[in-house]
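Below, read A as the first sequence line, B as the second, and so on, with proteins coming before strands; counting in each chain starts at 1. Predicted model only: the values in this text are computed from it and were never measured.
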Amino acid sequence: MSKDKSAKIPTPQAVRGTQDMLGDFADRFAHVVGAFDRVRRLYGFKRVEVPVIEPTAVFARSLGETTDVVSKEMYSFEDRGGESVTLRPEFTAGIARAYITNGWQQFAPLKVATHGPLFRYERPQKGRYRQFHQLDAEVLGSDSPLADAELLMFADQLLKQLGIADGVTLTLNTLGDAESRDAWRAALVEHFEGHRASLSEDSLARLDKNPLRILDSKDPQDRPIADSAPDIDAFLTGEAQDFFGAVTAGLDAAGVAWERNARLVRGLDYYRHTAFEFVTDRLGAQGTVLGGGRYDGLIEALGGPPTAAVGWAAGIERLAMLIDEPKVDPLNVILAVEDDLAIPAAQRIATALRLHDLSADMIATGSARKRYDKATKINAHVLMSLRWIDDKAVVRTQSVTHDDVLAQVSAVVDGLGFH
RNA sequence: GCGACCAUAGCUCAGUUGGUUAGAGCGCCGGUUUGUGGUACCGGAGGUCGCGGGUUCGAGCCCCGUUGGUCGCCCCA
């Protein structure tokens, strides 16, 4: 580039774990978001926007002070007013906060959907970033299993429309109500205590911090112990059993395929009843494409009224990696301006086309002789060349992939007095 | 926080047991050819081989450190 070293400054690098998207991946990303927005409307979910930044307490309370996310993965800092604020590491807590502070109880049950960036200070790896993006859907203020089932139908349809349902399985479990969960947890701790000597180091730490997590340990040393641990089924209250039964009945009625995974648990404490993950083996270590569950205790934990709620979130980057390359709408018209004298005419034509809702772009820089060649390499329905002959611009239609587009384009161009 | 692998032109990469002025394709810029044409050819710009030390007569290549990337563990979407 420039040899002027005096003007050179070291270019700052992108922050670790962030990404700049252009071209193919940006198209994939947009396609995922577009599909989500379409399906969300089909299910009557309202679009919501919530802040990227929240008081730290919103996440510290809801996620539990001791979880890794809170203790070492949050982007938290004091703002200039001395308030501790945090870049959101997830959507649910912020939406729950908004539900309380805006009095959205009046709309309960409230079905909302959103998407956007989230931040977690983690080691980046495949399908894992410090700034990542999720789709999110929540039903607030409903204790009905119909809400769980509908959310899963929504998720299932989204994956189908993205064309990745074949490589992805819905795995489902219940964590029961508070009573069931506590009883199961106690039984699990007892079971694992009995095998303390054979557990991996990681799982010994989990035993104190988060015993449920031993169940889905990847360590082969843990597997026999985890596999022989009791399922929750024996501890489910009648109510909890009925609830899970209603959810699965709904899925069956709607033709949503699912598998029971009695080892599927949640790290976060506020989850109750339904827990689910859509998993794939096509993303390396990142198996989960979409996950969620019921979090009846959360809103109360944030100081709101007791409110039942259920929701899910899905990583946009992960979905974008799984889908086939989306078709991108070609440009309607590309203009090859083969003589600088014809540039004003090209500008006039391009503007007129755009005013008529026809996309247009022009190649008018670089070697005049090569502009046509460049234009042919651009994906456009209609290629037109502009040359300067006998003191005026001459427009020629050179190649066409869609006659109906050409008809519209010709009408505009002819109306300008060309041809 | 821990581990493994990687780092050469704008991009994708080659570079032989260490041996003169570090190469290719694509892209970019210019020119010739073609002129109803997505062709072919010629030329050009662009690299302190991530950065810093060390070994050596000599390092893109070997050693150490460092930064960054990738993948995995932990955790998690």
Side-chain angles (χ1 to χ4, degrees), chain A residues 1-3 5 8 10-19 22-23 32 63-64 66-74 88-92 115 117-137 155 168 200-206 209-210 213-214 216-220 265-268 275-280 283-293 311-322 334 336 338-339 363 365-380 383-385 387 389 394-399 401:
Chain A
M1 286 286 206
S2 171
K3 289 201 167 177
K5 280 175 185 158
K8 266 287 193 196
T11 306
Q13 292 176 312
V15 171
R16 180 176 209 141
T18 63
Q19 41 182 348
L22 171 70
V32 169
L63 296 174
T66 60
T67 60
D68 275 14
V69 172
V70 170
S71 58
K72 45 189 191 198
E73 292 177 4
M74 292 204 310
R88 63 185 179 199
E90 58 142 36
F91 273 116
T92 308
H115 63 82
L118 304 171
F119 304 85
R120 243 119 110 157
Y121 191 84
E122 296 184 284
R123 266 310 269 282
Q125 51 186 278
K126 189 181 179 71
R128 214 168 181 177
Y129 308 94
R130 288 187 174 179
Q131 176 179 337
F132 59 106
H133 301 79
Q134 284 188 343
L135 311 171
D136 185 88
V168 176
S200 69
E201 223 172 286
D202 283 334
S203 283
L204 283 176
R206 291 183 184 116
K209 242 170 63 182
N210 198 352
R213 274 289 173 194
I214 300 176
D216 56 7
S217 167
K218 285 179 193 167
D219 194 320
V265 292
R266 286 274 91 107
L268 307 180
F276 53 88
E277 285 178 8
F278 287 79
V279 296
T280 180
L283 283 178
Q286 266 59 52
T288 303
V289 159
L290 183 155
W312 55 252
I316 300 179
E317 287 88 350
R318 293 184 186 178
L319 292 170
M321 285 188 275
L322 290 172
I334 183 70
E338 298 186 272
D339 190 315
I363 305 286
T365 57
S367 168
R369 305 185 143 228
K370 287 183 177 164
R371 291 178 195 171
Y372 184 86
D373 287 348
K374 273 193 186 172
T376 60
K377 288 175 185 165
I378 291 182
N379 187 15
L383 166 60
M384 288 180 149
S385 66
R387 302 172 74 188
I389 299 172
V394 176
V395 182
R396 281 220 162 83
T397 302
Q398 300 293 358
S399 70
T401 61

Exercise. Counting heavy atoms from C-beta on, name the nucleotide in B/C2, B/G69, B/A77 closest to the side chain of A/Arg16.
Key: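 For the A/Arg16 side chain, the nearest candidate turns out to be B/G69.
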Practice problem: Select one nucleotide: of B/C76, B/G38, B/U70, the one nearest the side-chain heavy atoms of A/Thr376. | Solution: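 Within the option list, the nearest is B/G38.
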Quiz prompt | Gap in Å between the two P atoms, one belonging to B/U39 and one to B/U17, rounded | solution =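 One P to the other, the span is 40 Å.
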Self-check item: P-based separation of B/U56 from B/A4 [nearest Å]
Solution: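 Approximately 29 Å lies between the P atom of B/A4 and that of B/U56.
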Quiz item: In chain order, what residues pass the salt bridge (charged side-chain N to carboxylate O under 4.0 Å, His left out) check against A/Arg128, with sequence neighbours excluded?
Solution: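 Residues passing salt bridge (charged side-chain N to carboxylate O under 4.0 Å, His left out) with A/Arg128: A/Glu122.
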Exercise. Using salt bridge (charged side-chain N to carboxylate O under 4.0 Å, His left out) as the criterion, list what pairs up with A/Glu317, not counting sequence neighbours.
Key: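 If we apply the salt bridge (charged side-chain N to carboxylate O under 4.0 Å, His left out) test to A/Glu317, skipping adjacent residues, there are no hits.
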Quiz item: With distance as the sole criterion, do the side chain of A/Arg128 and the base of B/G72 form a donor-acceptor contact below 3.5 Å?
Solution: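 Between B/G72 and A/Arg128, which were checked side chain against base, a qualifying N/O pair under 3.5 Å is absent.
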Practice problem: Could you state the atom-to-atom distance from CD of A/Glu90 to P of B/A77 in whole Å? | Solution: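 Checked: the CD to P distance equals 8 Å.
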Quiz item: A/Arg206 has an atom CZ; how far is it from atom C1' of B/C73, in whole Å?
Solution: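 Result: 10 Å.
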Exercise. By nearest nucleotide on RNA chain B, pick out whichever of A/Gly291 and A/Leu283 is the more 5' one.
Key: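 So the residue in question is A/Leu283.
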Quiz item: Quick one: on RNA chain B, does A/Tyr129 or A/Ser385 contact a more 5' nucleotide (nearest heavy atom)?
Solution: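 Nearest-nucleotide comparison on RNA chain B picks A/Ser385.
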Self-check item: Under-4.0 Å side-chain N/O to phosphate OP1/OP2 contact, A/Gln125 with B/G72
Solution: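 Answer is yes, contact under 4.0 Å.
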Quiz prompt | Secondary-structure string, 5' to 3', Watson-Crick or G-U under 3.5 Å, | for another-strand partners, for RNA chain B | solution = (((((((..((((.....[...)))).(((((.......))))).....(((((..]....))))))))))))....
